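Accompanying notes for the structure given below.
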There are 2 protein chains.
Amino acid sequence: MREDFEYREDPAPTADTLADGGLILRNKAFLCAPTMRNWMEAPGNSLYPSIPIGSAIMAPAVCEVVASRRDDVPVGTRVMAITSWQDFQQVDTSHDVTPIPDWMGDVDALGLYGINGVTAYIGITRIGRPKAGETVVVSGAAGSTGVTAAQVAKALGCRVIGIAGGKRKCDWLIEEIGLDGAVDYRAGDVQGQLAQLCPQGIDVFYDNVGGEILQAAIENMAVFGRIVLCGQIASYNDDGPVPGPTNMMRLIYGNIRMEGFLCLAYADVFPEAREKLREWKEAGRMIHREDVRPGFEKLPETYNALFDGSNSGTLIGIVEE
Amino acid sequence: MREDFEYREDPAPTADTLADGGLILRNKAFLCAPTMRNWMEAPGNSLYPSIPIGSAIMAPAVCEVVASRRDDVPVGTRVMAITSWQDFQQVDTSHDVTPIPDWMGDVDALGLYGINGVTAYIGITRIGRPKAGETVVVSGAAGSTGVTAAQVAKALGCRVIGIAGGKRKCDWLIEEIGLDGAVDYRAGDVQGQLAQLCPQGIDVFYDNVGGEILQAAIENMAVFGRIVLCGQIASYNDDGPVPGPTNMMRLIYGNIRMEGFLCLAYADVFPEAREKLREWKEAGRMIHREDVRPGFEKLPETYNALFDGSNSGTLIGIVEE
């Protein structure tokens with residue numbers, strides 16, 4: 001893991017060579033998102049960016065503008081942008097940068113209002129579309145996207161069950177987040193546990209995990225159930241293809257819809273998502289934890305906490321020690 | 001196969017013991033549908049009927065009423081009903097029987113206007129929902145449901161590619177049915193063949209087959225594509241679970257919807273389906289072949305033609321030699 005990364009010093013970009021429309025950003029904090037693992041795969045899949053070996057790791061970041069040749073983004077502005085693991089970043093006029101409103105802190109901008117939170121809102125409201133009173137199950141429920149998806153479903157009046165690894169996370173989901181039940185996948189027989197907690201079947205399954213967890217949920221879907229495919233973290237560190245669900249027939253005779261999505265395809269929903277998440281947060285109905293780890297040079301170890309289960313909440317690496 | 005069946009003679013039901021609301025039906029013709037293979041599985045799956053060992057095989061049938069204690073269904077009426085492989089069938093008042101209009105022949109009632117044709121119409125119009133000009137791919141395209149689904153998509157103005165086994169079937173799909181292209185899965189590299197025929201990707205994939213064919217189609221789906229799961233005939237004769245698609249991530253980053261359905265859940269669409277199919281047939285845009293095989297005692301062999309690829313068109317076993 002560590003040995004796959006190299007620390008390198010290069011000269012910082014300088015303002016005097018900055019072209020019209022260009023910006024120099026100082027990276028302050030990086031989101032560590034599971035999907036970045038897909039960006040690190042070999043090229044050949046045109047739908048994902050592919051980070052060339054030897055280049056810095058791309059990541060959603062909060063940055064400060066330190067040099068600007070754009071009138072609408074003056075020096076000192078805080079922005080969200082996809083940059084990469086380096087101190088400074090020069091971007092041209094085509095690069096998306098989104099100014100961060102004053103009320104939103106650096107960590108919030110990558111946390112509840114960042115890509116994970118917004119993804120959760122879109123997945124529940126646009127793909128799963130649960131009705132009040134329906135049963136919603138969320139896998140990876142203690143994770144950043146999962147816990148937000150679960151609370152969005154709760155806010156919409158659903159009965160919500162979370163799937164997470166270990167008793168500590170499950171207790172937290174019930175006691176602190178207020179879910180109606182939790183399945184500890186480390187205790188085994190996820191299919192049986194779901195059957196007990198969802199005797200009427202699962203109406204909406206929000207899946208961050210894939211693999212055996214998806215298979216177990218499919219077995220428990222209610223007729224006309226919907227499966228929201230958000231992520232497949234179970235497979236991101238595997239080299240070959242992982243087995244898919246072997247029970248496709250259940251999708252047929254259950255009239256079940258399974259739908260994947262990328263939040264960027266629903267960019268028009270972002271403002272609504274941030275507004276609703278803020279409203280629920282202010283009403284005390286949207287708990288969000290960030291796992292903030294300092295140290296630019298420790299970013300590889302910080303990132304890997306996503307995969308060894310040691311993180312709790314949105315994982316954010318901040319540049320300063 | 002043959003040795004799994006037993007021919008048995010029992011006394012026929014008699015009219016004098018028929019209760020109020022009861023009917024005695026004489027079975028004239030049976031549909032041999034792939035999904036009946038699922039009905040023959042062991043019990044334990046409450047969503048399918050399970051035919052007990054030693055009982056007659058359930059099947060959609062065209063029957064003649066030979067004794068009636070129902071005013072609305074007099075003796076001599078032709079009806080569609082799910083009955084079983086026997087000459088006569090006594091049914092009570094709770095059993096669904098649908099009178100067949102005069103314009104519809106026995107074979108048509110099980111063919112174009114039967115469960116396969118209606119399923120195809122519903123799958124395309126209610127699940128896949130292609131727009132004119134989109135690319136639709138149909139697997140099992142030379143089969144009863146497939147060829148109807150392909151022609152419904154053509155009638156809606158789509159570009160349609162069929163997948164079938166062997167050059168003869170593929171030629172037929174292009175030359176007789178008028179499809180825009182065909183993939184012979186026996187020639188191998190289905191994924192590559194689809195890529196060549198669908199350079200912009202597949203907008204709607206109507207799948208009757210599952211397994212490797214589904215996997216190959218997923219690799220070629222266009223962004224916001226839709227997969228209609230109609231059947232998984234590739235797996236019906238396997239004992240264990242068959243591998244599912246291993247490329248679920250593509251559903252995520254392609255924003256792809258995969259949705260299964262059973263036509264019985266859309267019973268309200270049946271009249272519309274039969275009306276549109278008749279309209280297109282009369283306009284010469286709906287070719288439908290029936291593979292009619294006589295002989296009650298040969299029903300097991302007739303049925304098995306679904307799985308050895310030797311049937312061409314809707315497979316129907318008629319009782320009389």
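This one's a predicted model, so the numbers in the text were calculated from it and none came from an experiment. As a basis for the values below, the full set of heavy atoms in this structure was taken, side chains included, without hydrogen atoms, waters or symmetry mates. Below, chain A is the first sequence line, B the second, and so on; all start at residue 1.
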With chain B, which of Ile256(A), Val228(A), Leu214(A) has the greatest number of heavy-atom pairs at distances under 4.5 Å? Ile256(A)
Around Asp4(B), counting heavy atoms of other residues, nucleotides and ligands shown, do more than 12 lie under 6.0 Å from its CG? yes
Please check if the number of heavy atoms outside Glu272(B) that lie under 6.0 Å from its CD is greater than 12. yes
Smallest heavy-atom separation, Leu251(B) atom then Leu229(A) atom, equals CD1-CD1, 3.6 Å
Taking Met258(B) as the fixed residue, which of Met248(A), Glu259(A), Arg257(A) is the one that meets the side chain to side chain contact (heavy atoms under 4.5 Å, CB included) rule? Met248(A)
Smallest heavy-atom separation, Asn255(B) atom then Phe261(A) atom, equals OD1-CA, 3.2 Å
Crowding at CG, Asp96(B) (>12 non-hydrogen neighbours, <6.0 Å): no
